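Owing to the predicted nature of the structure, the values given are computational and were not obtained by experimental measurement. Residues: numbered from 1 along the sequence shown. Atoms within each ligand, like the ligands themselves, are counted from 1 in listed order. Keep in mind that the numbers below use all heavy atoms, side chains included, and drop hydrogens, waters and symmetry copies.
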Amino acid sequence: MKAKKLNIELPPASAARPSEAAKKLVLGEPNLQAPSDTSMGIAWTVNVLANGWVEYADNPRLDNAKKVVCGGFGLTGFDDRILQVRLVDLRPNTRYWYRVAAQHIDYVDNYKRFPLDVARGAVHSFATLGAKVPSHFCVMNDTHAQWKSFSLVTEKISALKPSVTVWNGDASNLTEKPETGIGIFLAPPIPRPGYAADMPVLWNNGNHDFRGIWNRKLDYFVMPRLPSERSARDWALTRNWAVRVGDIAMIGLDTGEDKPDRHPQFAGLVNCEPYRVAQTTWLVDQFKRPEIANAPYIVAFCHIPLFDPRPDEHPGGLVDDGGGKYRTAYAAWEKSCADQWGPVFALNGVQLVIAAHQHRYRFDPATAERPWAQIVGGGPEMTPNAPDRFPTVIEGKVAVGELKITVHNIKTGSVQAEHAFKPRA
Ligand SMILES: [Fe+2]
Ligand SMILES: [Fe+2]
């Protein structure tokens, strides 16, 4: 049978437009996001329209590497700013080596797409989470795009080499342009923009991470949790996590914005109050998971504190929300979250809450009524003549039968405080 001639033009790569072909594809440093025991998110920047993938293997030579393309089924991810890949079906407690790659595509229209140059990044590595990795985490918070302190904080964490780092909110100030989010999360203007190329980061929203039109699209910069981690009921809880890191169960909760939803400044565009309720139901269920309920240590993380010893001292006046949830015009601490989550913590033996938001380190020991302690991390300020203002790295590590928390003062380069927690009875 005579072959039918198809009327399809298949131009060679050399037919690409000279102007596009002249642009060199440049890859940013990879950023390890949303880690779990069996999955890892990887995001990185590109400077031209590109298709991307990750090559990964269980050895540093990348022998027998697997390739995972950007995006989901159907179409690949294809973007001129950010590419994202999710590795799944990984083994817990296991180190993998990987590199990111992309191919510049000269896109004229759907039928004129010309593959151009391919670029590959350097080989990096990560370890998945699990009950057998070192019981060791670090926390950074309220970085607020202050690059001097952000660089010092990330260098400190890099030197401490934890299994995982919690970024406990307020990375942002106000994100009205995509370049702002890219700078904050993926390409910070610091000497080592690849701060998370070998360090997986568990992300928690702060109130500032809800601000600006592009923080409504935060998934573009920070990958959400894998849907299979939660039930269908909790499909919208894309930011909560409960993971084992060695002997420690770590739980991430989102305190949301820092004012009542009906505050005039929000113009009806904030819906955090039902969000907090939904997280309470999710939180209760996490303690039905043996690896969480039976962990020797349980630590919860959220941005806005759940307790303040000076509830009436904050300026700004009172807001009457009819339910007494907010005592000030903004939440210096989140009473509605404390009222909902605090009893669940008490019932299930949570020992410590690590919070942020107030930009001043503080330790609130446990009491008979509130059997969990709280540590509040510092802010980004490096002001020399304000001794109570300093960035912190909060390090948690299990050694010699206890969870030792070391609060590193990043401004002075010294240890600010140490706290120890015995294993749960
Ligand atoms: Fe903050
Ligand atoms: Fe905050």
Visitor: How about Trp97 and Phe126: are their ring centroids closer than 6.0 Å?
Guide: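 They do not qualify: ring centres at least 6.0 Å apart.
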Visitor: Has His303 got an N, O or S atom lying less than 2.8 Å from the Fe ion (ligand 2)?
Guide: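 Yes, within the cut-off.
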Visitor: Check whether the side chains of Trp53 and Thr76 place a donor and an acceptor atom closer than 3.5 Å, and report yes or no.
Guide: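 No, no side-chain donor-acceptor pair sits under 3.5 Å.
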Visitor: Have a look at the Fe ion (ligand 1) and estimate, to 10 degrees, the angle subtended by NE2 (His359) and OD2 (Asp170).
Guide: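 Approximately 170° at the metal, rounded to tens of degrees.
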Visitor: Have a look at Asp142 and say which of its N, O or S atoms is nearest the Fe ion (ligand 1).
Guide: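 Going by distance to the Fe ion (ligand 1), the closest N, O or S atom in Asp142 is OD1.
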Visitor: Within the 3.5 Å criterion, strictly below it, is a donor on Asp142 or His359 matched to an acceptor on the partner's side chain?
Guide: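 Asp142 vs His359: donor-acceptor pair found between side chains.
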Visitor: For Lys422, is there an ion pair with Glu402 - N to carboxylate O distance below 4.0 angstrom?
Guide: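 A salt bridge is present here (some side-chain N lies under 4.0 Å from a carboxylate O).
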Visitor: Is the Fe ion (ligand 2) under 2.8 Å from any N, O or S atom of Asp258?
Guide: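 For Asp258, the answer is no, given that no N, O or S atom comes within less than 2.8 Å of the Fe ion (ligand 2).
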Visitor: Between Arg91 and Asp58, is any pair of side-chain heavy atoms under 4.5 Å apart?
Guide: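 Side chain of Arg91 against side chain of Asp58, heavy atoms only: contact under 4.5 Å found.
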Visitor: Give the name of the N/O/S atom in His357 that lies closest to the Fe ion (ligand 2).
Guide: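 Of all N, O or S atoms belonging to His357, ND1 is the one nearest the Fe ion (ligand 2).
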Visitor: Indicate whether the side chain of Gln286 and that of Arg289 have a donor and an acceptor atom separated by less than 3.5 Å.
Guide: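 A pair is found: one side chain offers a donor N or O, the other an acceptor, under 3.5 Å apart.
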Visitor: Just checking: Gln358, one of its N/O/S atoms, less than 2.8 Å away from the Fe ion (ligand 2), yes or no?
Guide: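 It does not; every qualifying atom lies at 2.8 Å or beyond.
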Visitor: Got a sec: is His144 within less than 2.8 Å of the Fe ion (ligand 1) via an N/O/S atom?
Guide: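 For His144, the answer is yes, given that an N, O or S atom comes within less than 2.8 Å of the Fe ion (ligand 1).
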